[in-house]
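Note sheet for the following structure.
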Amino acid sequence: MSLTAGSRPDGARPAAAVEEPSAAVAAATVKHSVPPRPAKAAKAAKVPFRVRWRRDRALILMTSPVIALLLLFNYVPLLGNVVAFQEYDPYVSGNGITAILHSPWVGLDQFSRMLDDPLFWSATKNTLVLFVLQLVLFFPVPIVLALVINSVVRPRVRAVAQAIMYLPHFFSWVLVVTVFQQILGGAGIIAQTLEKHGWSGFDLMTDADLFKYLVTAQAVWKDAGWGIIVFLAALSAVSTDLYEAAAMDGAGRWRRMWHITLPALRPVIALLLVLRVGDALSVGFEQFLLQRYAVGAGVSEVLDTYVWNMGIQNGDFSYAAAVGLAKGLIGVCLVLGANKFAHLLGEQGVYKK
């Protein structure tokens, strides 16, 4: 019996000789069976407008009133910012709208006046101080409350606690200031109790040095409970399997919170922080207006009340519009800068890169 090259006496071929053709055949099969996908096929086919209208007609009609109100009350008034570049006089014509066409243009004179006004810089300083205080003392409170509520096991206790925390958000600032007045005012409960026991009373509601801490405490009491809704929604998306697996590995409550709960809240914290920084020049209006005469304008005047005072009370509409326009532009720049910083930290922020 003659033997050919690569064969064995028993007639079987070596394993390498069998595997090599199989690998070559498999490679050839894959090469010919999976053709390269063209670039145009990867893109979704564009749906005609008529088809999209027929498909989403109910949703569009349902949201159209909201869009109309948004355009009417948020975007159309932006056209009125043109008076910031005029010496606007509402009495030069029959109505205020046509008076814009008859008012003289002054260019950037209102903005130059704004930069030279010491009252403007005083209001800006008060606004920034209050923003920093609220960012440090107010912003972490909803996060802590959400962690506490999330750790409550019994659903009924959790529901009652949430209802109690949500309730102050629906109070008006008039009621909130009144409650604080009845507790911390000169004729409040604490002052009267101290006087009955021989101690001298106090009046925190008229203390100018403590006013910034007072308004921060009022904001915490009113809105901190409402702020936990977003954080609780983020925590509800965390799988309980992660907590169970961490507990089985020996992680305690603090370890689970540090390695599971807080990372789940990090994107939401970054988003709300970006939005809060964008609102740095808007710390409130009604709250400060109600307490303006108790502590004086020197410590209670913020940019919102300053615009109201100059525009509504003094009738200087062009100057007030210039201050409001500058405030809005600075807010936009702060949002963009804070969002860029969030991207550098690896977070999404308000929008993606």
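Keep in mind that the numbers below use all heavy atoms, side chains included, and drop hydrogens, waters and symmetry copies. Residue numbers start at 1 and run along the sequence shown. The structure presented is a predicted model; accordingly, all values stated were derived computationally and were not measured.
- Other residues, nucleotides and ligands place no more than 12 heavy atoms under 6.0 Å from the OH atom of Y213.
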- Check the pair E286 / Q291 against side chain to side chain contact (heavy atoms under 4.5 Å, CB included), numbers first and verdict last. CA-CA 9 Å; E286 186 179 357; Q291 303 174 88; over 6 Å; no
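- Looking only at distances, no side-chain donor or acceptor of S122 sits under 3.5 Å from a matching main-chain atom of P118.
- Side-chain contact check for Q110 and Q86: no donor-acceptor pair (N or O, by modelled atom type) lies under 3.5 Å.
- Residues that satisfy the side chain to side chain donor-acceptor pair (under 3.5 Å) test with E244, not counting sequence neighbours, are absent from this structure.
- Sorted by first and then second residue, the ring pair (Phe, Tyr, Trp, His ring centres under 6.0 Å) pairs with a member in residues 245-271 form an empty list; sequence neighbours excluded.
- With sequence neighbours excluded, the residues that form a side chain to side chain donor-acceptor pair (under 3.5 Å) with S93 are T98.
- Counting only residues at least two apart or in different chains, salt bridge (Lys or Arg N to Asp or Glu O under 4.0 Å) contacts with residues 248-267 comprise R266-E347.
- Applying the side chain to side chain contact (heavy atoms under 4.5 Å, CB included) test to L108 and every residue at least two apart in sequence or in another chain returns F85, F111.
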Atom pairs and distances, side-chain donor-acceptor, residues 69-77, under 3.5 Å, sequence neighbours left out:
none

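- For the residue pair S112/D109, the side-chain donor-acceptor check at 3.5 Å is not satisfied.
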Scan the side chains in residues 298-310 for donor-acceptor partners under 3.5 Å anywhere in the protein, sequence neighbours excluded, and list what turns up.
residue	atom	partner	partner atom	Å
S300	OG	G296	O	2.7
E301	OE1	R292	NH1	2.6
E301	OE1	T305	OG1	2.7
E301	OE2	R292	NH1	3.3
E301	OE2	R292	NH2	3.4
D304	OD1	K327	NZ	3.4
T305	OG1	V302	N	2.9
T305	OG1	V302	O	2.9
Y306	OH	D117	OD2	2.3
Y306	OH	Y319	OH	2.8

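- R113 is linked by a salt bridge (charged side-chain N to carboxylate O under 4.0 Å, His left out) to D316, counting only residues two or more places apart in sequence or in another chain.
- Legend: salt bridge (Lys or Arg N to Asp or Glu O under 4.0 Å) pairs involving residues 213-226, not counting sequence neighbours: none detected.
- Under a 3.5 Å cut-off, the side chain of N314 and the backbone N or O of G311 do not form any donor-acceptor pair.
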Side-chain atoms of residues 134-147: list all donor-acceptor pairs with protein atoms under 3.5 Å, sequence neighbours left out, distances to 0.1 Å.
residue	atom	partner	partner atom	Å
Q134	OE1	R276	NH2	3.2

Show me the side-chain donor-acceptor pairs of residues 192-201 shorter than 3.5 Å, one per line, residues at least two apart or across chains.
residue	atom	partner	partner atom	Å
Q192	NE2	A187	O	3.0
T193	OG1	I189	O	2.7
H197	ND1	T193	O	2.8

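- Q287 places a side-chain N or O within 3.5 Å of a backbone atom of V215 that can act as its donor or acceptor partner.
- The minimum heavy-atom distance between G185 and A191, with the atom names listed, is O-CB, 3.6 Å.
- Residue pairs that meet the side chain to side chain donor-acceptor pair (under 3.5 Å) test with at least one member in residues 177-191, sequence neighbours left out, do not exist here.
- V283 approaches F288 most closely through the heavy-atom pair O-CE1, 3.4 Å.
- The neighbour count for L175 CG, taken as heavy atoms of other residues, nucleotides or ligands under 6.0 Å away, is above 12.
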- Message: Under the criterion side chain to side chain contact (heavy atoms under 4.5 Å, CB included), I'd like the reasoning laid out for T261 against V238: C-alpha separation, chi angles, the key distance, then a yes or no.
- Response: CA-CA 8 Å; T261 307; V238 181; over 6 Å; no
- Take L184 and I190, measure what side chain to side chain contact (heavy atoms under 4.5 Å, CB included) needs, and give me the verdict at the end. CA-CA 6 Å; L184 303 176; I190 297 179; 3.7 Å; yes
